[in-house]
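Because the structure is a prediction, the values reported are computed rather than measured. Protein chains get the first letters and strands the later ones, always in sequence-line order, with residue 1 at the start of each.
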There are 2 protein chains.
Amino acid sequence: MNSKQIEVLENYITEHKLKITKQRRAILNAFIECENHVSVEELYGIVSEQEPKIGLATIYRTLALLTKSGLALEMDFGDGQKRYESSYMNAHHDHMVCTECGKIIEFNHPLIEKYQEEIAIQNGFKITSHKLDLFGHCNDCL
Amino acid sequence: MNSKQIEVLENYITEHKLKITKQRRAILNAFIECENHVSVEELYGIVSEQEPKIGLATIYRTLALLTKSGLALEMDFGDGQKRYESSYMNAHHDHMVCTECGKIIEFNHPLIEKYQEEIAIQNGFKITSHKLDLFGHCNDCL
DNA sequence: GTTGCTGCAAAGTGTTTGCACCCTG
DNA sequence: CAGGGTGCAAACACTTTGCAGCAAC
């Protein structure tokens, strides 16, 4: 899976006449291994452990690249910073965010998706993406 | 409806030993009359027409006040700025956002709400709020 | 050797805050 | 007339950008 993602990135890079660098590899590796929904700052921390010379701007630029190449998905849970998840990790899912401890539970409900599509059609709307976040308290924080 | 909201605000203000000011009235009025999903900057523009001396910081502070008093709801459509809607205008609803022209269609689907609740319970999660945004293209932008 | 990439610092953007003065209650 | 509210500018947090040197192709 790891190597598959490197392949996807390298394909994208070659197709767009871009270059593969040590930094991009390092960031991609850290991104694949770290847990989902990393913030830029968190990823920067992880990458810095192994490649201390990498700058924050490079993390930003590489995450933008990963997003364009389809490897990463940009998320925003309204806490003022972007978070990213690997689109290869799991299929599409939505999120329950515990407002107490920050835990994120992923879920997917086919019927919810179905009714979204249904109501969109009723409004002459063509969905390209959606986002559903439930906020509240998880088991441990009740 | 207008007067009802002023009442709500004045109640909140009195209860919290705060003060009613010309600025707060002006901002509340503009907020009630303008269309839903205003950004801070937009509201600032509208308010400035009638009260040119009002500062941007006051808009921010008053919108925070309106949110705390339950009159306004804070939204974030991922465009990098907060937007607000009046919670008295309509009942709860979700949004379809046209990524082409920015149009926002409001909708509500009881079954979607029901299945959200259902899957939350399955995960031992207690929902306090949720947000569902569909992104795509509206009728005019296909 | 081109041309894109990086690190750094500077600039941007949206939002919050400190402070002296003002006004409501 | 006390204590909160306001305007202004400075501070903030996160993100983007300009640029000179560097590295991949």
Side-chain angles (χ1 to χ4, degrees), chain A residues 6 9-31 37-45 47-69 72-84 102, chain B residues 6 9-31 37-45 47-69 72-84 102:
Chain A
I6 292 183
L9 179 61
E10 299 200 348
N11 282 348
Y12 181 90
I13 285 183
T14 333
E15 272 170 34
H16 290 73
K17 305 208 169 83
L18 305 178
K19 290 171 183 172
I20 294 165
T21 64
K22 191 165 44 107
Q23 290 90 331
R24 286 181 176 174
R25 265 191 234 276
I27 294 170
L28 176 58
N29 274 323
F31 177 64
H37 318 111
V38 237
S39 70
V40 181
E41 209 68 41
E42 282 161 11
L43 190 59
Y44 179 51
V47 172
S48 295
E49 285 171 23
Q50 303 186 305
E51 295 281 346
K53 293 294 295 175
I54 285 187
L56 189 51
T58 302
I59 310 279
Y60 275 103
R61 287 188 275 231
T62 305
L63 280 171
L65 181 67
L66 294 181
T67 303
K68 276 187 226 126
S69 71
L73 294 172
E74 229 178 69
M75 324 248 82
D76 177 3
F77 296 117
D79 63 343
Q81 55 182 20
K82 291 180 182 171
R83 293 180 173 275
Y84 293 83
Chain B
I6 291 184
L9 179 61
E10 300 201 346
N11 282 347
Y12 182 89
I13 284 182
T14 336
E15 271 170 35
H16 290 73
K17 303 209 169 85
L18 305 177
K19 290 172 181 172
I20 294 164
T21 64
K22 191 164 46 104
Q23 289 91 329
R24 288 180 174 173
R25 264 191 234 274
I27 294 170
L28 176 59
N29 274 324
F31 178 65
H37 318 109
V38 236
S39 69
V40 180
E41 208 67 43
E42 282 162 9
L43 189 58
Y44 178 50
V47 172
S48 294
E49 283 171 24
Q50 303 185 306
E51 295 281 346
K53 293 295 292 175
I54 285 187
L56 189 49
T58 301
I59 310 279
Y60 275 102
R61 288 189 273 231
T62 305
L63 280 172
L65 181 67
L66 293 180
T67 303
K68 276 187 226 126
S69 71
L73 293 171
E74 229 177 70
M75 325 248 82
D76 177 3
F77 295 118
D79 63 342
Q81 54 181 21
K82 292 181 182 170
R83 292 181 173 275
Y84 294 84

J.: For a quick test of reading the model: is some side-chain N or O of B:Lys19 closer than 4.0 Å to OP1 or OP2 of C:dC22?
T.: no
J.: If only side-chain N and O atoms of B:Tyr60 are considered, is one of them under 4.0 Å from the OP1 or OP2 phosphate oxygen of C:dT16?
T.: no
J.: Touch check for A:Lys82, heavy atoms < 4.0 angstrom, all strands: base, sugar-phosphate only, or nothing?
T.: sugar-phosphate
J.: Distance check needed: C:dG4 P versus A:Glu10 CD, whole Å only.
T.: 19 Å
J.: Give the rounded distance in Å between these two atoms: CD of B:Glu51 and P of C:dC23.
T.: 13 Å
J.: Any Lys/Arg nitrogen of A:Arg24 or A:Glu10 sitting under 4.0 Å from an Asp/Glu carboxylate oxygen of the other?
T.: no
J.: Establish, with yes or no, whether the OP1 or OP2 oxygen of C:dT6 is under 4.0 angstrom from a side-chain nitrogen or oxygen of A:Thr21.
T.: yes
J.: Please determine whether any donor N or O and acceptor N or O are separated by less than 3.5 Å between the side chain of B:Arg61 and the base of D:dG4.
T.: no
J.: Rounding to an integer number of Å, can you tell me how far B:Lys17 NZ sits from C:dG25 C1'?
T.: 13 Å
J.: Starting at CD of A:Glu74 and ending at P of D:dC14, how long is that distance when rounded to a whole Å?
T.: 15 Å
J.: Is A:Thr58 near enough to C:dG7 that one of its side-chain N or O atoms lies under 4.0 angstrom from OP1 or OP2?
T.: yes
J.: On DNA chain D, nearest-nucleotide positions of A:Ala57 versus A:Asp79: which is more 5'?
T.: A:Asp79
J.: Can you find a side chain N or O atom of B:Lys53 that sits less than 4.0 Å from OP1 or OP2 on D:dC8?
T.: yes
J.: Take atom CG of A:Leu56 and atom P of D:dT15, then tell me their distance rounded to the nearest Å.
T.: 9 Å
J.: Do any side-chain nitrogens or oxygens of B:Arg24 fall under 4.0 Å of OP1 or OP2 in D:dG5?
T.: yes
J.: May I ask you to verify if any side-chain N or O of A:Gln23 is less than 4.0 angstrom from the OP1 or OP2 atom of D:dA23?
T.: no
J.: Between B:Gly80 and B:Ile20, which is nearer to the 5' end of DNA chain C once each is assigned its nearest nucleotide?
T.: B:Gly80
J.: Without decimals, in angstroms, what is the distance between B:Lys68 NZ and C:dT16 C1'?
T.: 12 Å
J.: In whole angstrom, what separates A:Arg83's CZ from D:dC14's P?
T.: 10 Å
